[in-house]
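In what follows, a single structure is set out as structure tokens and then discussed.
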Amino acid sequence: MMIKLFLIILVILQSKAYDTVKHVSNENTRPIIGILSQPTPYDWQKPNGTTYIAASYVKYVEATGAQVVPILMNQSIEYYSHLFNSINGVLFPGGDSTDEYLYVANLFYVWSLKQFDETQRVFPIWGTCLGFEVLLMLTRRSTDVLEPCKGYDFATELTFTPDAANSRLLGSSLPSSVKTSLENEPTTANYHNFCIRPENFTNDPVLSTFYKMLTISPDLEDRTFVSTMESRRYPIFGVQWHPEKNAFEWRVNTTIPHTKDAIDVMQYMANFFTNQTRQNTNHFDSLQDELKYLIYQYTPEFMGLDVSHFQQMYFFYK
Ligand SMILES: *[C@@H]1O[C@H](CO)[C@@H](O)[C@H](O)[C@H]1NC(C)=O
Ligand SMILES: *[C@@H]1O[C@H](CO)[C@@H](O)[C@H](O)[C@H]1NC(C)=O
Ligand SMILES: *[C@@H]1O[C@H](CO)[C@@H](O)[C@H](O)[C@H]1NC(C)=O
Ligand SMILES: *[C@@H]1O[C@H](CO)[C@@H](O)[C@H](O)[C@H]1NC(C)=O
Ligand SMILES: *[C@@H]1O[C@H](CO)[C@@H](O)[C@H](O)[C@H]1NC(C)=O
């Protein structure tokens, strides 16, 4: 009898200790990341679907131990708000700017800031290329922040600013080997026709208060542009370059770096962001509800080696 009681107490104590540990680390081991879709770029692809996500972004996220939800265009506000409250972060991918993309990105951006300000709970956002540019527009509340820039189809190294050392993205969690690659080898793929110059960034009180400029890069005219940034306060990160292309895009005669070091750079960036989303504990109400939104109900299409920037694409709205 005594032994039984003792065992019961022991079990209760242990489960309490376990709860405490769980609560302290509070890590979401089932993160789900949303990726924005956008209008299909080429007419010949439109029969496949009017909006798309490049499969490289999906693989980039999946390889870090996160699942993907496509964020569809032209949906109700209830749909977007349900996703905001059910997933753990969002990735704004590269592409061609559209009103609808900006509208949807704005919803997640505003809700992420509001939630952090009111409850300190994070909803991480990562912007790549167009996504980086859209972050600048959303923060500046203006579409007039960029200038034309010769930045299309070249690879470059990054120059770290003094702020990089005490940043989350490029600070103490960045392995020194990855830092060495970023600073000394052309590991970053660039595909942009617009950019923001470092002086425009630092002279803008709104942008320079909101973001730290972490790296700059030279464009094809050897003029510098801001290539990496993170928010000073919020879990918001942006790269003008394309970390998702290194391992997953193989169109011939492009400048995408496929070296071992470039792959290490890519994997660091991807792992970094998913690690941020593990701090968000949202989940869908049920596995059935989760399954309605996960990307598995769609199948990526192979696009041919030489005709598309994207090896494989997910299409929506056939
Ligand atoms: C997508 O388009 C390609 C041609 O571009 C075609 O071969 C393929 O069957 C299409 N897939 C679907 C699901 O319509
Ligand atoms: C979204 O809706 C607008 C207006 O209803 C329409 O013009 C546009 O083609 C739709 N876009 C997509 C991707 O379905
Ligand atoms: C960037 O700054 C320069 C000079 O400081 C200015 O002439 C230019 O218009 C600015 N660019 C943008 C996009 O605001
Ligand atoms: C790639 O570039 C080389 C050299 O310019 C050219 O000979 C080759 O045809 C190109 N390949 C494709 C698939 O465009
Ligand atoms: C992962 O995120 C946690 C919480 O933000 C942080 O303490 C830790 O340093 C991160 N690890 C890496 C490798 O970024």
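Atoms within each ligand, like the ligands themselves, are counted from 1 in listed order.
- Under the 4.0 Å distance rule, the nearest protein heavy atom to atom 11 (N) of ligand 5 falls inside the cut-off.
- Between the side chains of Trp241 and Thr228, at least one donor-acceptor pair of N or O atoms lies under 3.5 Å.
- A donor-acceptor contact under 3.5 angstrom links the side chains of Glu244 and Tyr57, judged on distance only.
- Side-chain N/O atoms of Ser181 and Thr187 include no donor and acceptor closer than 3.5 Å.
- Distances between N or O atoms of Asp306 and those of ligand 4 include no value under 3.5 Å.
- A distance of 8.5 Å separates CE in Met137 from OG in Ser142, rounded to the nearest 0.5 Å.
- Counting heavy atoms under 4.0 Å from ligand 5, residue Gln279 touches it through the side chain alone.
- In this structure, a donor-acceptor pair under 3.5 Å is absent between the side chains of Gln115 and Gln120.
- For atom 14 (O) of ligand 3, the nearest protein heavy atom is under 4.0 Å away.
- Side-chain contact check for Arg141 and Asn106: at least one donor-acceptor pair (N or O, by modelled atom type) lies under 3.5 Å.
- The protein non-hydrogen atom at the shortest distance from atom 1 (C) of ligand 5 is Asn275 ND2, 1.5 Å.
- Below 30°, between 30° and 60°, or above 60°: for Tyr293 and Tyr79 the angle between ring planes is between 30° and 60°, a tilted geometry.
- Among all protein heavy atoms, the one lying closest to atom 9 (O) of ligand 3 is Asn200 ND2, 4.7 Å.
- Heavy-atom separations between Arg197 and ligand 3 are all 4.0 Å or longer.
- Atom 8 (C) of ligand 4 has as its closest protein heavy atom Asn253 ND2, 3.8 Å.
- Looking at ligand 3, you won't find any N or O of Asp144 less than 3.5 Å from one of its N or O atoms.
- A tilted orientation is assigned to the rings of Phe84 and Phe123, their planes being inclined by 30° to 60°.
- Heavy atoms of Leu146 come nearer than 4.0 angstrom to ligand 3 in at least one pair.
- In this structure, atom 4 (C) of ligand 3 is not in close contact with the protein, since no protein heavy atom lies within 4.0 Å of it.
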